[in-house]
*Asks:* 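Here it is, the structure in full.
Throughout, protein chains are lettered first and strands after them, A, B, ... in sequence-line order, and every chain is numbered starting at 1.
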Amino acid sequence: MKRYFSRKVFIYILTFFLAVTIDWLVPRFMPGNPVQNMLSRASIQSDAAEVMRGYYTKAFGLDVPLWQQYLNFWQAIFHGDLGVSVYMFPEKVTNVIFRAVPYDLALLVPSVLLSWIAGNKFGAFAARSRWLDNTILPITYLLRATPYMWLAILMAWSLGIVWGIFPISGAYSFSMQPSFSFAFLVSFLRHWFLPFASLFIVQFGGWAIGMRNMIIYELEEDYSHYLESLGAPRSLVRKYAFRNAMLPQITGLALRLGQVVAGALATEIVFSYPGIGYLLLQAINNQDYFLIQGCFLFIVIGVLLANFIIDVVYVIVDPRTRQGMEGT
Amino acid sequence: MALKTDDLRVYYQTLKGDVKALDGASFTLEDGEIMGLAGESGCGKSTLAKSLILLKPPMKYVEGRVRLDGEELPIWDDEKMNSFRYKNVSIIPQYAMNAMNPTRKIGKMVKELLKSRGISPGEKRDELEHRLDLVDLTRDVLSMYPIELSGGMKQRMVMVISSLLDPSLLMADEITSALDVSTQKAVSEMLVEFRDKDFIKSLIFITHDISILYQIADSITVMYAGKLVERAPTEEITGRPLHPYTKLLISSLPKIGAKYTEEKLEGIPGKPPELLEPPEGCRFKNRCPKKEEECDEEPPFREVSPGHKVACWKVKKDVS
């Protein structure tokens, strides 16, 4: 057991190291230069610009050779310092990210969890009802196949613009400041609903389809036939099938939860929802090395953590993994 | 008499039409009898076993009656059949290695299965442990997952589970096929012991390996292409096989002491017929060395001497 986990931990550390290295490399391969961008936006005259360029290049630590930058980067990470945002200069990247994270969590955690629970229940149910299998399930296939962006825009257009039921932009009304008042909460929920619903619908379909197929597969497994041969009632056979069909779904859920901090890029862009996804887009558009790195670092940590949790959960729920563990 | 089937026909539905996998099986099985059911792959052995316990699509009941201990078995009615399953008829399936739920501890699975059949697991606890001793399994297996057992152990565990409610008829479907020869013998002898101890009244032992049947079976039934071709007590059929197919089958077994370096072991030339549209008359005629015109008509399955039934036109002439 110990050996299994120490090996796992080693692999996770190695993965983290590689992922973070790539995270550092990729923004620097982008054509252009963040300081240049910043100056051109400010449209400063040439002489002053030279001075400022020197100043900012130094301030962001871009004046030293690349290998030095790389080492500095690692050093800073271990001090919890992700640098200063270029785009929102002089704010710290950590502050910018922490401001966006609550919106991601509020949007994604409920949509992922609720769609997972509802989708699995529905999928298992549809697997034994020919009627549902022939009506609702094809609709979920259609929703799955629809480009998400288009679906979200359609929802924003119909419910937001044509019928005007829901606002379509921001996380709360522009005329408000975040507070714990009732009016703010209502405004927040109204803005939250459309992005939530669009995510829920699409993910619901995915879970339902997966569960339906898994259940049908499990019901054809030998252990199901054996139970039937011995006259076990349908409820017991289905209970076993459901439990075993859940295993891959648990993996799927954990992976999905790991990506929660990454936000939902398309959703947040369509609905201008100020989560990490939206932030990342801004960062890339502005060549904000440090903000891009910061966002990706969060995503990497989230995914790795989620994977690690699945490894542990699997050992608990599936005896077959325990076997492999003792074997090595 | 424990089991009596009468002209049982069970087909498989396919897109091309019905595959006549079991085409008119009539036989009786006495109390306490171990019947070996032999034949090559695809001859309908497993279909016969499955149709007696779980007849599910694509299998299709066509006709025939089955009586067990004087009661009619409603094999065509999945719901009504349920009260007979396990309690009266039980099976050790061909896939015994995968028959247990991989994510449940074996003891828990048995408990849940018993409870679902309305039997208190506590009542059966002693019996279960007693039988584990009989098949050389420790009681610890009940707190293990199937994956922690070897293939032979799983097989024995399934034997115990399947026979736990003392069914009148137990069917063992190719249970020795995946085992090595020494384990094969041990497993078969355990089943004989189960019969001797009255856990089960009668046993149908399905295999394609006649040499095992010689050791444990009281009688042997040979099937060919969906039909019964010969049925007789073990001594009789191995010593004096009458049907040409049985003769060839037995002569193709290696004999103790014989050396096969110089002459090769004989096989049966040809292949069994397609069961989608089987030939008229005797289904073995195309491979039969004694084929004559009358074989185009279907031979009846008749008794030629006491307890010895054969379906072949030529046999009558040999005897008379």
*Asks:* Determine the minimum heavy-atom distance between Y223(A) and N101(B), stating which atoms define it.
*Replies:* CB-N, 3.7 Å

*Asks:* State plainly whether the residues R234(A) and E79(B) are in salt-bridge range, i.e. N to O under 4.0 Å.
*Replies:*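 Here R234(A) pairs with E79(B) in a salt bridge, since their nearest N and O are under 4.0 Å apart.
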
*Asks:* Please classify the contact of L236(A) with chain B as side chain, backbone, both or neither, using a heavy-atom distance under 4.5 Å.
*Replies:*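 Side chain of L236(A) only, per the 4.5 Å heavy-atom cut-off to chain B.
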
*Asks:* So among I161(B), V89(B), L164(B), L165(B), which one has a side-chain contact (heavy atoms from CB on, under 4.5 Å) with L230(A)?
*Replies:* I161(B)

*Asks:* Could you tell me whether Y61(B) atom OH has more than 12 heavy atoms of other residues or ligands within 6.0 Å of it?
*Replies:*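 Yes.
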
*Asks:* Check whether K56(B) gets within reach of chain A through its side chain, its backbone, both or neither, counting any heavy atom under 4.5 Å.
*Replies:* side chain

*Asks:* Could you check which of L114(B), D78(B), N98(B) has the highest count of heavy-atom pairs closer than 4.5 Å to chain A?
*Replies:* N98(B)

*Asks:* Without swapping roles, check the side chain of R243(A) against the backbone of R104(B) for a donor-acceptor pair under 3.5 Å.
*Replies:*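 No; zero donor-acceptor contacts below 3.5 Å.
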
*Asks:* Please determine whether the number of non-hydrogen atoms from other residues, nucleotides or ligands lying under 6.0 Å from atom CZ of F199(B) exceeds 12.
*Replies:*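 For F199(B), atom CZ is crowded (more than 12 foreign heavy atoms under 6.0 Å).
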
*Asks:* So, for S229(A) and L54(B), which heavy atoms are closest and what is the spacing to 0.1 Å?
*Replies:*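 Taking S229(A) first and L54(B) second, the nearest heavy atoms are OG-CD2, 3.6 Å.
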
*Asks:* Could you tell me whether a side-chain N or O of D222(A) sits under 3.5 Å from a main-chain N or O of A99(B), the two making a donor and an acceptor?
*Replies:* no

*Asks:* Looking at P167(B), P93(B), P102(B), which has the largest count of heavy-atom pairs under 4.5 Å with chain A?
*Replies:* P102(B)

*Asks:* Give the ring-plane orientation class for H225(A) versus Y95(B), where under 30° counts as parallel, over 60° as perpendicular and anything between as tilted.
*Replies:*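 Geometry flag for Y95(B) against H225(A): tilted rings.
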
*Asks:* Should we count NZ of K111(B) as having more than 12 external heavy atoms under 6.0 Å?
*Replies:* no

*Asks:* Count the heavy atoms of every other residue, nucleotide or ligand shown that sit under 6.0 Å from OH of Y141(A), and state whether that count exceeds 12.
*Replies:* yes

*Asks:* Kindly indicate whether the side chain of T103(B), heavy atoms from C-beta on, has any atom under 4.5 Å from the side chain of Y240(A).
*Replies:* no

*Asks:* Please look at M109(B) and chain A and tell me whether the side chain, the backbone, both or neither of the residue comes under 4.5 angstrom of a heavy atom of that chain.
*Replies:*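 The answer is both parts of M109(B).
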
*Asks:* Flag the one option from K239(A), E218(A), E221(A) with the top tally of heavy-atom pairs under 4.5 Å to chain B.
*Replies:* K239(A)

*Asks:* For the candidates P146(B), S90(B), S162(B), which exhibits the highest count of non-hydrogen atom pairs separated by less than 4.5 Å from chain A?
*Replies:*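 Maximum pair count with chain A is reached by S162(B).
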
*Asks:* Distance from L227(A) atom CG to R85(B) atom CZ, nearest 0.5 Å?
*Replies:* 12.0 Å

